[in-house]
Amino acid sequence: MGTLLLSYLLLLLSAASFLTAEAGSVGVNYGRVANNLPTATKVVELLKSQGITQVKLYDADATVLKALAGTGIHAVVTLPNEQLAAASSRLSFAISWIQHNVAAFHPSTTIRAIAVGNEVFVDPRNLTAYLIPAMRNLHSALVRLRLDTDIKLSSPIALTALQSSYPSSAGSFRPDLADSVIRPMLDLLRQTNSSLMVNAYPFFAYEANSDVISLDYALFRPNPGVVDAGNGLKYLSLLDAQIDAVYAAMSQLKYDDVPIVISETGWPSKGDPKETGASAANAAAYNGNLVRRVLTGNAGTPRRPKADIDVYLFALFNENQKPGPTSERNYGLFYPNEEKVYEIDLSLNKGGVRWNEDRGKGSGGNDGSGSPEGKAGEKWCVSNAAVGRERLQAALDYACGEGGADCRGIQPGATCYDPNTVEAHSTFAFNSYYQKNGRVAESCDFAGAAYVVSQQPKVGKCSLPAGA
């Protein structure tokens, strides 16, 4: 993962709270199924040096939690599946677990949430019956120890919990889970102001159906989109469709008010010959485009366009002892030697184009100092560097020519000429065209070379005008 991606993580993660709908954030999953990883102290230094302030663990390892103390990095800890039975049957066990694995470290180590198990429904040990009692006991323990306000809980579910996921509007939970497990879980999440954790991997769907699913659709790249015949909504990404299928399933149970956290998502940089689409280039595209979406305030789905969704990328490292196909050992952003697995070209931080931390949600406008704070409802049109310089240049030429955009500000010597990059200049031109044409969605497309953001862009020293 490139330095630019990790710099972006810093912009949003520092003020984000986990498991609420207040602000979207991006974090990483720190798995340790390997025998060659750096020490916990070195890992924490890596996280700090790259500005990563949200991390999800698959246990509550004391060494890791101690290393995180005083760093400001927010942690999610996990009660492993093998401890569900004990936590479900004995409140005393739940209290002891919270005391030793949470209270002993918090608040020196900022623990934001507890994941109760992981993909319990697909565990071959048939642990489903233990989940809800374990969640209730753990919540009772948090209440007893007066930690329930600071620390939320949830349980990551896989998309296999759905009976139907296509089209998204037909999303529904499996009959064996809907009333016995999902409904009481959602009820607990509602009562505790927590979110449903969902592990979603477009890679799996693409790999199994690459003959009918567009790779661009899976990687958030420009594509014609897919219209859901059930509700008429148009989908431009497979992840959106997957998450909206979960939203639809929740709606069937009357839990439209419970938010979602994407507790795992990612794309492998390497795979077996039959694992279609597994490559470093595709992993960089998927993760880079997803992070850009979150950080520009565009993380909502067609079904819930205004919802901020917290996302945890999988995973921090390649883990050499994970079983299964080659892809399982190649989801990491870093090699165990702390080198990046691949670079990510995050266009929003190149060429002088950047956004402020609150992504346009502040109450104030431009104060004249160049501070890019936007009023509620304001929109801007920016360039999409993922399409490449040639397509950006062609779109820029159209905007400044036949499109009639006011491009005087990016002429040599003009206020917005610097930085002299095709991305910066096209952002200026695209936004001019977008504002001139009444900010209709079609005026910020340019064949996929542009998209709308809700956070004010700044091109060098030049803040761009907006309208609501």
Looking at [X] and [Y], what are the two nearest heavy atoms and their distance?
| X | Y | answer |
| --- | --- | --- |
| Ser327 | Pro268 | CB-CB, 3.7 Å |
| Gly31 | Glu319 | C-OE1, 3.2 Å |
| Glu423 | Leu392 | CA-CD1, 4.2 Å |
| Ala200 | Leu239 | CB-CD1, 3.7 Å |
| Lys234 | Pro302 | O-CG, 3.6 Å |
| Ala449 | Ala395 | CB-CB, 4.1 Å |

Between Thr301 and Asp240, a side-chain donor and acceptor under 3.5 Å: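 Note: Thr301 and Asp240 side chains miss the donor-acceptor criterion.
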
Could you tell me whether a side-chain N or O of [X] sits under 3.5 Å from a main-chain N or O of [Y], the two making a donor and an acceptor?
| X | Y | answer |
| --- | --- | --- |
| Ser165 | Ala245 | no |
| Lys152 | Asn193 | no |
| Asp228 | Ser169 | yes |
| Arg304 | Pro259 | no |
| Gln411 | Cys407 | yes |
| Asn431 | Pro465 | yes |
| Asn287 | Gly266 | no |
| Thr427 | Ser383 | yes |
| Thr109 | Leu65 | yes |
| Asp272 | Lys274 | no |

Positive for side-chain contact (heavy atoms from CB on, under 4.5 Å) with Val198, one of Leu159, Val261, Ile309: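 The residue from Leu159, Val261, Ile309 that satisfies side-chain contact (heavy atoms from CB on, under 4.5 Å) with Val198 turns out to be Leu159.
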
Tyr312: which of Ile262, Thr265, Val76, Val28 passes side-chain contact (heavy atoms from CB on, under 4.5 Å):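 Only one option passes, and that is Val76.
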
Got [X] and [Y] here, is their nearest side-chain heavy-atom distance under 4.5 Å?
| X | Y | value |
| --- | --- | --- |
| Arg329 | Asn318 | no |
| Pro156 | Thr78 | no |
| Leu316 | Leu47 | yes |
| Val26 | Leu313 | yes |
| Phe430 | Cys444 | no |
| Val43 | Phe317 | yes |
| Gln252 | Phe173 | no |
| Ile157 | Phe121 | yes |

Within the 6.0 Å centroid threshold, strictly below: Tyr331 and Tyr201: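 For Tyr331 and Tyr201, the ring centres are under 6.0 Å apart.
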
side-chain contact (heavy atoms from CB on, under 4.5 Å) between Val44 and Val55, worked out: CA-CA 10 Å; Val44 170; Val55 63; over 6 Å; no

Parallel, tilted or perpendicular: ring planes of Tyr417 versus His425, cut at 30 and 60 degrees: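 Tilted: the ring planes of Tyr417 and His425 meet at 30° to 60°.
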
Plane angle bin for Phe203 and Trp267 - parallel if under 30°, tilted between 30 and 60°, otherwise perpendicular: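 Rings of Trp267 and Phe203: perpendicular, as their planes differ by over 60°.
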
Short N-O contact, Lys436 and Asp406, less than 4.0 angstrom: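 Not counted as a salt bridge, because no side-chain N and carboxylate O are separated by less than 4.0 Å.
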
Salt bridge flag under 4.0 Å for residues Glu45 and Lys42: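 Result for this pair is no, no salt bridge flagged.
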
Step-by-step side-chain contact (heavy atoms from CB on, under 4.5 Å) determination, Tyr255 to Ile182: CA-CA 10 Å; Tyr255 287 91; Ile182 300 295; over 6 Å; no

Lys NZ or Arg CZ of Lys56 over Tyr58 ring: under 6.0 Å, within 45°: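 Yes, a cation-pi geometry.
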
Atom [atom1] in [X], atom [atom2] in [Y]: separation rounded to 0.5 Å?
| X | Y | atom1 | atom2 | answer |
| --- | --- | --- | --- | --- |
| Asn29 | Ser263 | CG | OG | 7.5 Å |
| Ser155 | Ile114 | OG | CD1 | 12.0 Å |
| Leu215 | Asn282 | CG | CG | 5.0 Å |
| Asp244 | Ser237 | CG | OG | 9.0 Å |
| Thr110 | Gln54 | OG1 | CD | 9.5 Å |
| Leu233 | Asn231 | CG | CG | 3.5 Å |

More than 12 heavy atoms of other residues, nucleotides or ligands under 6.0 Å from [atom1] of [X]: yes or no?
| X | atom1 | result |
| --- | --- | --- |
| Tyr166 | OH | no |
| Arg190 | CZ | yes |
| Lys270 | NZ | no |

From CA spacing to verdict: side-chain contact (heavy atoms from CB on, under 4.5 Å), Met185, Leu196: CA-CA 9 Å; Met185 181 195 296; Leu196 178 65; 3.7 Å; yes

Test side-chain contact (heavy atoms from CB on, under 4.5 Å) applied to Tyr217 and Tyr206, step by step: CA-CA 9 Å; Tyr217 182 63; Tyr206 173 76; over 6 Å; no

